Participant: 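Got a structure for you, written out below as structure tokens; questions coming shortly.
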Amino acid sequence: MSKIKDASLATQGLAKIEWASREMPVLNEIRKRFEKEKPLKGIRIAACLHVTKETAVLMRTLKAGGAEVALCGSNPLSTQDDVAAALAKEMPVFAIRGIDSKGYYECLNSTLDTKPHITMDDGADLINTLHSKRRELIGNVIAGQEETTTGVIRLKAMAAEGKLEYPVIAVNDTPTKHLFDNRYGTGQSTLDGIIRATDTLIAGKNFVVAGYGWCGRGFAMRARGMGAKVIVTEIDEVKALEAHMDGFRVMPMKEAAKIGDVFVTATGCKDVVTVEHVKLMKMGAILANTGHFDVEVAVKEIRSLGKTREIRPEVEEVSVGEKKIYILAGGRLVNLACASGHPSEVMDMSFSDQALCSEYIAKEMKGKNLEKKVYDVPAKIDAEVAKLKLKAFGVSIDKLTPEQEKYLNSWSEGT
């Protein structure tokens with residue numbers, strides 16, 4: 001029933017999953033409770049996520065909770081084929097690294113064929129396909145989840161136009177996701193992908209970061225920590241001001257293009273780095289993207305400038321007159337295409353949010369006539385994940401005394 005590259009890779013994939021699980025104590029605690037309580041019994045979940053060792057730990061947790069789970073990849077270059085093979089022994093998996101666009105959507109539709117009650121997205125492709133091609137299945141869906149910035153942007157646009165036909169929880173926007181996954185996870189894994197692909201020295205280089213959202217902040221912080229001279233480009237006045245006051249140079253991309261050595265896009269928008277910018281760049285400039293879709297760097301148009309060739313895995317050289325420009329991972333997610341994605345310890349929180357939101361949908365949202373909009377993660381879920389993570393770190397915090405609680409909740413108390 002599954003569609004994977006090679007079933008013989010399962011043993012290798014299982015070792016990776018076990019390694020990740022050791023670094024995900026919060027999700028393991030949730031799994032233990034799920035095994036006893038079965039809060040997802042009778043619930044079918046369709047997940048379109050990066051098929052990594054960390055995702056496998058989440059899928060196993062959902063299954064332990066009683067759910068029927070089917071998984072497909074959310075990016076053609078992020079699938080770990082050995083992990084897919086291992087997981088396919090336990091549930092339907094439709095994911096092959098490097099699959100073409102037609103195959104990608106075949107996998108996505110195979111996942112939807114399970115007639116899900118809950119959709120779990122990284123980029124909103126499941127929701128988009130349900131609304132455009134598989135509308136007959138929408139009536140089965142209780143609610144969905146979206147875990148990336150780009151996907152939330154798409155879904156809020158759908159809701160604003162009245163096109164969203166079931167409620168969706170924006171897992172990406174909750175603090176235990178975006179404050180840690182987007183900042184620390186993306187920051188480290190993006191830098192890891194660039195280093196693995198190019199072996200370039202970070203120190204002393206001009207790193208241009210397009211977008212100063214949580215992902216951009218995290219990468220800028222990590223690049224500076226390794227000695228890079230970081231430049232930020234932005235369209236938002238407040239974020240630009242924040243980047244400036246954080247100590248980074250801020251300028252338009254046209255100016256940054258002339259002096260940058262490495263360019264990283266993290267905006268969720270298209271055409272952030274274009275032919276116009278590339279023509280201004282110096283010899284050897286490296287282009288990478290850490291936003292969800294491969295539209296931020298105008299790869300197709302840049303390739304048209306001259307001869308192209310692959311000189312290393314996921315490193316493409318483009319001749320632009322006398323100079324050479326290098327594109328990493330074809331403009332797709334560099335941290336997953338050229339590295340292994342976020343560290344397991346960070347994904348522990350993000351995927352714990354996903355697991356608990358699945359339980360919330362099954363228990364609290366089922367059978368209710370809710371508005372068809374994008375919802376925040378309930379604060380109690382975020383607090384629970386933070387509490388469990390602190391416990392795993394061995395960190396204790398203070399508690400309010402009764403007198404302090406009374407003071408904070410009284411308007412008449414003086415100073």
Side-chain angles (χ1 to χ4, degrees), residues 5-6 50 52 73 75-82 96-101 103-104 186-210 219 222-223 226-231 253 256-267 270-341:
K5 182 178 182 179
D6 186 351
H50 300 296
T52 65
N75 188 293
L77 292 181
S78 66
T79 294
Q80 297 169 2
D81 286 319
D82 49 0
I96 299 173
R97 183 181 177 87
I99 198 167
D100 62 17
S101 180
Y104 173 82
T186 302
Q188 179 170 316
S189 62
T190 300
L191 198 58
D192 184 22
I194 293 169
I195 293 171
R196 288 199 208 187
T198 66
D199 295 323
T200 193
L201 178 68
I202 305 302
K205 294 283 198 319
N206 286 326
F207 269 64
V208 179
V209 182
F219 179 72
R222 292 292 172 266
M226 290 192 70
K229 294 178 286 185
V230 178
I231 299 163
M253 182 61 79
K258 300 172 186 177
I259 58 177
D261 297 299
V262 180
F263 296 78
V264 178
T265 55
T267 70
K270 64 180 293 189
D271 296 337
V272 179
V273 174
T274 65
V275 165
E276 181 183 11
H277 300 129
V278 167
K279 288 179 178 179
L280 297 172
M281 292 177 187
K282 55 188 177 182
M283 168 71 85
I286 296 169
L287 312 182
N289 169 52
T290 196
H292 184 80
F293 291 113
D294 59 337
V295 298
E296 303 201 22
V297 178
V299 173
K300 187 181 296 184
E301 291 79 7
I302 293 169
R303 285 172 178 157
S304 70
L305 292 174
K307 184 179 179 181
T308 68
R309 61 170 180 155
E310 184 174 86
I311 59 168
R312 302 183 66 171
E314 304 300 347
V315 180
E316 182 180 357
E317 180 185 83
V318 182
S319 297
V320 184
E322 296 297 318
K323 65 186 177 185
K324 311 292 185 184
I325 301 295
Y326 299 96
I327 301 172
L328 305 188
R332 294 190 181 277
L333 279 163
V334 69
N335 58 334
L336 281 153
C338 298
S340 302

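All of these numbers come straight from a predicted model, not from anything done at the bench.
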Participant: Rounded to the nearest 0.5 Å, what's the gap from OG1 on Thr190 to CZ on Phe219? Could you check?
Facilitator: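 The distance works out to 6.5 Å.
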Participant: I would like to know whether Phe207 and Ile202 meet side-chain contact (heavy atoms from CB on, under 4.5 Å); could you show each step before the answer?
Facilitator: CA-CA 8 Å; Phe207 269 64; Ile202 305 302; 3.6 Å; yes
Participant: If every non-hydrogen atom of Ala197 is compared with every non-hydrogen atom of Val315, which pair is closest and at what distance?
Facilitator: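 Closest pair (atom of Ala197, atom of Val315, distance): O-CG2, 3.4 Å.
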Participant: Give a yes or no on whether a salt bridge exists between Arg196 and Glu314, defined as a side-chain N under 4.0 angstrom from a carboxylate O.
Facilitator: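 Result for this pair is no, no salt bridge flagged.
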Participant: Sequence neighbours left out, what pairs pass ring pair (Phe, Tyr, Trp, His ring centres under 6.0 Å) with at least one residue falling in residues 308-338?
Facilitator: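 Every candidate ring pair (Phe, Tyr, Trp, His ring centres under 6.0 Å) pair involving residues 308-338 fails, so no pair, neighbours aside, qualifies.
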Participant: Looking only at heavy atoms, what is the nearest atom pair of Gly73 and Thr79, with distance?
Facilitator: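 Of all heavy-atom pairs spanning Gly73 and Thr79, the closest is CA-OG1, 4.3 Å.
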Participant: Considering all heavy atoms of both residues, which atom of Gly187 and which atom of Arg222 are nearest to each other, and what is their separation?
Facilitator: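 That closest heavy-atom pairing would be C-CG, 3.6 Å.
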Participant: Would you sort out whether Val278 and Leu287 count as a side-chain contact (heavy atoms from CB on, under 4.5 Å), showing the intermediate values?
Facilitator: CA-CA 9 Å; Val278 167; Leu287 312 182; 4.0 Å; yes
Participant: For a side-chain contact (heavy atoms from CB on, under 4.5 Å) check, start with the C-alpha distance between Glu310 and Glu316, then their side-chain angles and the critical distance, and finish with the verdict.
Facilitator: CA-CA 4 Å; Glu310 184 174 86; Glu316 182 180 357; 5.5 Å; no
Participant: What's the shortest heavy-atom distance between Ile231 and Ala256, and which atoms?
Facilitator: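 So the two residues come closest at CG2-CB, 4.1 Å.
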Participant: Nearest 0.5 angstrom please: Asn289 CG to Ile327 CD1, how far?
Facilitator: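 Rounded to the nearest 0.5 Å, the CG-CD1 separation comes out at 11.5 Å.
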Participant: Between Asp261 and Lys282, does any side-chain N to carboxylate O distance fall below 4.0 Å?
Facilitator: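 Judged by the 4.0 Å cut-off on N to carboxylate O distance, Asp261 and Lys282 do form a salt bridge.
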Participant: Count the heavy atoms belonging to other residues, nucleotides or ligands that lie under 6.0 Å from NZ of Lys300, then report whether that count exceeds 12.
Facilitator: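 Atom NZ in Lys300 is not crowded, with 12 or fewer foreign heavy atoms closer than 6.0 Å.
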Participant: Using side-chain heavy atoms (C-beta onward) and a distance below 4.5 Å, is Leu305 in contact with Arg303?
Facilitator: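 Counting from C-beta outward, Leu305 and Arg303 never come under 4.5 Å.
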Participant: Heavy-atom distance under 4.5 Å between the side chains of Val273 and Glu296, does that happen here?
Facilitator: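 The answer is no; the side chains never approach within 4.5 Å.
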Participant: Between Cys338 and Ala329, what is the shortest heavy-atom contact and its length?
Facilitator: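 Closest heavy-atom pair between Cys338 and Ala329: SG-CB, 4.0 Å.
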Participant: Report yes or no: do Thr52 and Gln80 form a side-chain donor-acceptor pair below 3.5 Å?
Facilitator: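 No pair is found: no donor N or O on one side chain lies under 3.5 Å from an acceptor on the other.
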Participant: Can you confirm whether Asn206 sits close enough to Val262 that some side-chain heavy atom of one is under 4.5 Å from a side-chain heavy atom of the other?
Facilitator: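 No, side chains not in contact.
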Participant: To the nearest 0.5 Å, how far apart are CG in Leu336 and CG in Asp192?
Facilitator: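 The CG atom of Asp192 is 10.5 Å from CG of Leu336, to the nearest 0.5 Å.
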Participant: Can you see which heavy atom on Ala288 is nearest to which on Leu328, and at what distance?
Facilitator: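 In this case the closest contact between Ala288 and Leu328 is CB-CD1, 4.0 Å.
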Participant: To the nearest 0.5 angstrom, please state how far the CG atom of Leu201 sits from the CD1 atom of Ile195.
Facilitator: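 Leu201 atom CG to Ile195 atom CD1 measures 9.0 Å (nearest 0.5 Å).
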Participant: side-chain contact (heavy atoms from CB on, under 4.5 Å) between Val264 and Val208: does it pass, once the steps are laid out?
Facilitator: CA-CA 6 Å; Val264 178; Val208 179; over 6 Å; no
Participant: For the pair Lys324 (side chain) and Ala285 (backbone), establish whether a donor and an acceptor sit closer than 3.5 Å, ignoring hydrogens and angles.
Facilitator: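 No.
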Participant: Could you give the distance from CE (Met226) to CD1 (Ile194), rounded to the nearest 0.5 Å?
Facilitator: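 Answer rounded to 0.5 Å: 11.0 Å.
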Participant: Tell me which pairs pass ring pair (Phe, Tyr, Trp, His ring centres under 6.0 Å) where either residue lies in residues 278-316, with sequence neighbours left out.
Facilitator: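 Sorted result for residues 278-316: His50-His292.
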Participant: Mind checking side-chain hydrogen bond (donor to acceptor under 3.5 Å, both in side chains) for Thr200 and listing every partner two or more places apart, or none if nothing turns up?
Facilitator: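 Thr200 satisfies side-chain hydrogen bond (donor to acceptor under 3.5 Å, both in side chains) with Lys205 once adjacent residues are dropped.
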Participant: Quick one: do Asp82 and Lys5 make a salt bridge, cutoff under 4.0 Å?
Facilitator: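 No.
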Participant: Side chain of Thr274, backbone of Asp271: donor and acceptor closer than 3.5 Å?
Facilitator: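 Side chain of Thr274 to backbone of Asp271: no pair is present.
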Participant: How long is the straight-line distance from CG of Asn335 back to OG1 of Thr290, given to the nearest 0.5 Å?
Facilitator: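 So the gap between those two atoms works out to 4.0 Å.
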Participant: For residues Arg309 and Val318, determine if any side-chain heavy atom of one lies less than 4.5 Å from a side-chain heavy atom of the other.
Facilitator: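 SC-SC contact between Arg309 and Val318 ruled out.
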Participant: Report yes if the side chains of Asn75 and Arg332 come closer than 4.5 Å at any heavy-atom pair, otherwise no.
Facilitator: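 Of all side-chain heavy-atom pairs linking Arg332 with Asn75, at least one is under 4.5 Å.
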Participant: Run the salt-bridge test on Arg97 and Asp81 with the 4.0 Å N-O cut-off and return the result as yes or no.
Facilitator: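 Judged by the 4.0 Å cut-off on N to carboxylate O distance, Arg97 and Asp81 do not form a salt bridge.
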